[in-house]
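One structure is given below, encoded as structure tokens.
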Amino acid sequence: MPELPEVEVILRGLAPRLQNRRILAVAVGEKRLRQESSPGEFGRWLPGRNILELERRGKYLLFHLEGKVILLLHLGMTGRLLLQPTPSPALPHAHLLLQLEGGLQLVFQDVRRFGQALVFPPGVAPAPLSQVGREPFSRQVTPQWLSQEARARSRAVKNFLMDGRVLAGIGNIYANEILFAARLHPATPAGDLSVEDWTRVLKETRRILKAAIAKGGTTVSDYLNSQGETGLFQLELLVYGREGEPCKTCGQPLVRMAQGGRSTFFCPRCQKEK
DNA sequence: CACCCCACCTGCGTGC
DNA sequence: TGCACGCAGGTGGGGT
């Protein structure tokens, strides 16, 4: 579910409420997430620590705790982070519950359990972050760099955009929207794009991610922010999930195809093969 | 290495 | 009504 904009919205909602708030206790759900520290590790490293700062890297959320302890969360497809008053009725599929001072609790809920919740003691670098690519809004990301990264790559530009080891945070929804806006066929080999193409892709990437953040993210089924509210950017999607509907630019029916096991939506007229 | 496919899960909508 | 099937915002391991 959550891609960069959704994680960013959650971060912005949580940061002012969590900063400088102490974790009192931790509860862990029965079933394990795909990647999850043991209950013992959570119990050892979290209770009693103050939350100093929140950070986003790609689709990961980092909680920097007192004493250089890091709590790393990834929401997978169906993860939610809900901040509630204590006590609140128990939620189904709650996998981690942080009891906080001031009558609040933070619940990590994840139906499909593709998410991650890992704690890292002082001095231990969070391993998953070593695989995370550059931030789309970083000055380190330029059309020239993208072109260089894509050089001699035969894989489809859409799969390239979704490769979090290159550009972090772009998932299936936004990859579709970006390529429609940049008028590129999603199956174009990444290495075939010119620097001008990459200039357009980067501009549209930043514009769309920024607009999605401003609209509170995209809710197609599960996504809720930390206050339990849906996003609004689904109202602005131009291609994702719109198979058979007319293209908003040219009226041609939009097409769906599969790429790497994921659905790709595009306009066969506006997004011609190169 | 680059690339592809599949596994990992649960729930929901569709069509028979 | 019930059941089978396909599909869903992601990642990572293993095979080619």
Side-chain angles (χ1 to χ4, degrees), chain A residues 1-11 29-36 56-61 72-81 91-95 108-118 126-133 136 148-179 186-192 205 208-209 211-213 215-225 230-237 239-244 256-265:
Chain A
M1 64 166 268
E3 305 182 32
L4 185 153
E6 290 73 37
V7 179
E8 182 67 25
V9 168
I10 288 170
L11 167 80
E30 306 271 276
K31 299 180 176 180
R32 284 176 66 84
L33 299 170
R34 197 147 175 254
Q35 305 261 14
E36 183 176 351
R56 181 189 59 71
R57 276 290 284 124
K59 300 170 192 165
Y60 285 95
L61 259 185
L72 185 72
L73 301 181
H74 190 295
L75 300 178
M77 292 277 257
T78 51
R80 294 171 176 167
L81 268 184
L91 292 174
H93 309 293
H95 292 98
F108 184 169
Q109 184 189 38
D110 185 0
V111 172
R112 289 175 73 184
R113 291 191 278 130
F114 289 171
Q116 305 178 36
L118 296 165
L129 295 186
S130 67
Q131 298 300 308
V132 178
Q148 178 67 24
E149 285 291 310
R151 195 170 47 98
R153 299 284 198 101
S154 61
R155 65 198 305 209
V157 61
K158 182 187 176 232
N159 295 330
F160 179 83
L161 272 185
M162 288 175 65
D163 186 343
R165 291 165 304 185
V166 182
L167 262 190
I170 299 172
N172 200 33
I173 293 180
Y174 295 108
N176 277 288
E177 296 298 312
I178 288 163
L179 292 172
T188 312
D192 286 3
T205 296
I208 288 169
L209 295 180
I213 293 167
K215 290 282 178 178
T218 300
T219 299
V220 296
S221 59
D222 297 289
Y223 169 71
L224 299 177
N225 68 18
T230 70
L232 289 173
F233 196 71
Q234 63 278 12
L235 303 173
E236 326 242 332
L237 297 177
V239 288
Y240 181 84
R242 301 191 59 240
E243 178 185 16
R256 177 164 77 102
M257 65 175 178
Q259 282 184 290
R262 319 292 303 275
S263 282
T264 296
F265 302 88

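Here is how names work: the chains are called A, B, and so on, in the same order as the sequence lines, proteins then strands, and each is numbered from 1.
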If you compare every side-chain N and O of [X] against the phosphate oxygens of [N] (OP1, OP2), does one of them come in below 4.0 Å?
X	N	value
S221(A)	dC12(B)	no
H74(A)	dT11(C)	yes
R153(A)	dC3(B)	yes
H93(A)	dC9(B)	no
R113(A)	dT10(B)	yes
T78(A)	dT10(B)	no
K59(A)	dT11(C)	yes

Once you round it to whole Å, what is the distance between [atom2] of [N] and [atom1] of [X]?
X	N	atom1	atom2	result
F108(A)	dG10(C)	CZ	C1'	12 Å
E36(A)	dC8(B)	CD	C1'	14 Å
R165(A)	dG13(C)	CZ	P	11 Å
L33(A)	dC9(B)	CG	P	11 Å
D222(A)	dC9(B)	CG	P	18 Å
Y223(A)	dG10(C)	OH	P	14 Å
E243(A)	dG6(C)	CD	C1'	13 Å
K31(A)	dC8(B)	NZ	P	15 Å

>> Judged by each residue's nearest nucleotide on DNA chain C, which is more toward the 5′ side, G261(A) or Y60(A)?
In response: G261(A)
>> Please check: side-chain N/O of R113(A) versus main-chain N/O of R32(A), any donor-acceptor pairing under 3.5 Å?
In response: yes
>> Check whether T230(A) reaches the backbone of T219(A) with its side chain - one donor and one acceptor, N or O, closer than 3.5 Å.
In response: no
> Which of the following nucleotides, dC3(B), dC8(B), dA8(C), is nearest to the side chain of S263(A)?
Replying inline: dA8(C)
> Out of dT10(B), dG10(C), dC3(B), which has the shortest distance to the side chain of M77(A)?
Replying inline: dG10(C)
Reckon [X] touches a base, only the sugar-phosphate, or nothing at all at heavy-atom distances under 4.0 Å?
X	result
V220(A)	base
Y240(A)	sugar-phosphate
R155(A)	sugar-phosphate

> In Å and rounded to the nearest 0.5 Å, what is the CG to CZ distance from L61(A) to R56(A)?
Replying inline: 8.5 Å
>> Closest-nucleotide mapping onto DNA chain B: is A152(A) or R34(A) further toward the 5' terminus? I mean the 5' end.
In response: A152(A)
> Any Lys/Arg nitrogen of K59(A) or E3(A) sitting under 4.0 Å from an Asp/Glu carboxylate oxygen of the other?
Replying inline: no
> Are D163(A) and R155(A) within salt-bridge range, i.e. N to O under 4.0 Å?
Replying inline: yes
Between [N] and [M], how many Å separate the two [atom1] atoms, rounded to a whole number?
N	M	atom1	value
dC6(B)	dG6(C)	P	13 Å
dC9(B)	dC3(C)	P	24 Å
dG11(B)	dG12(C)	P	24 Å

> Is there a side-chain contact between Y60(A) and P128(A) (heavy atoms, below 4.5 Å)?
Replying inline: yes
> Is there a side-chain contact between L179(A) and T188(A), using heavy atoms and a 4.5 Å cut-off?
Replying inline: no
>> Under the rule for side chain to side chain donor-acceptor pair (under 3.5 Å), what residues qualify as partners of E36(A), not counting sequence neighbours?
In response: none
>> I'd like to check the side chain to side chain donor-acceptor pair (under 3.5 Å) partners of T205(A); sequence neighbours left out, ordered by chain and number.
In response: none
> Do we count F114(A) as stacking onto dT11(C) if the rule is ring centres under 5.5 Å and planes under 30°?
Replying inline: no
>> In dot-bracket form, 5' to 3', how is DNA chain C paired? Count Watson-Crick and G-U wobble pairs only if both distances fall under 3.5 Å, and write | where the partner sits on another strand.
In response: .|||||||.|||||||
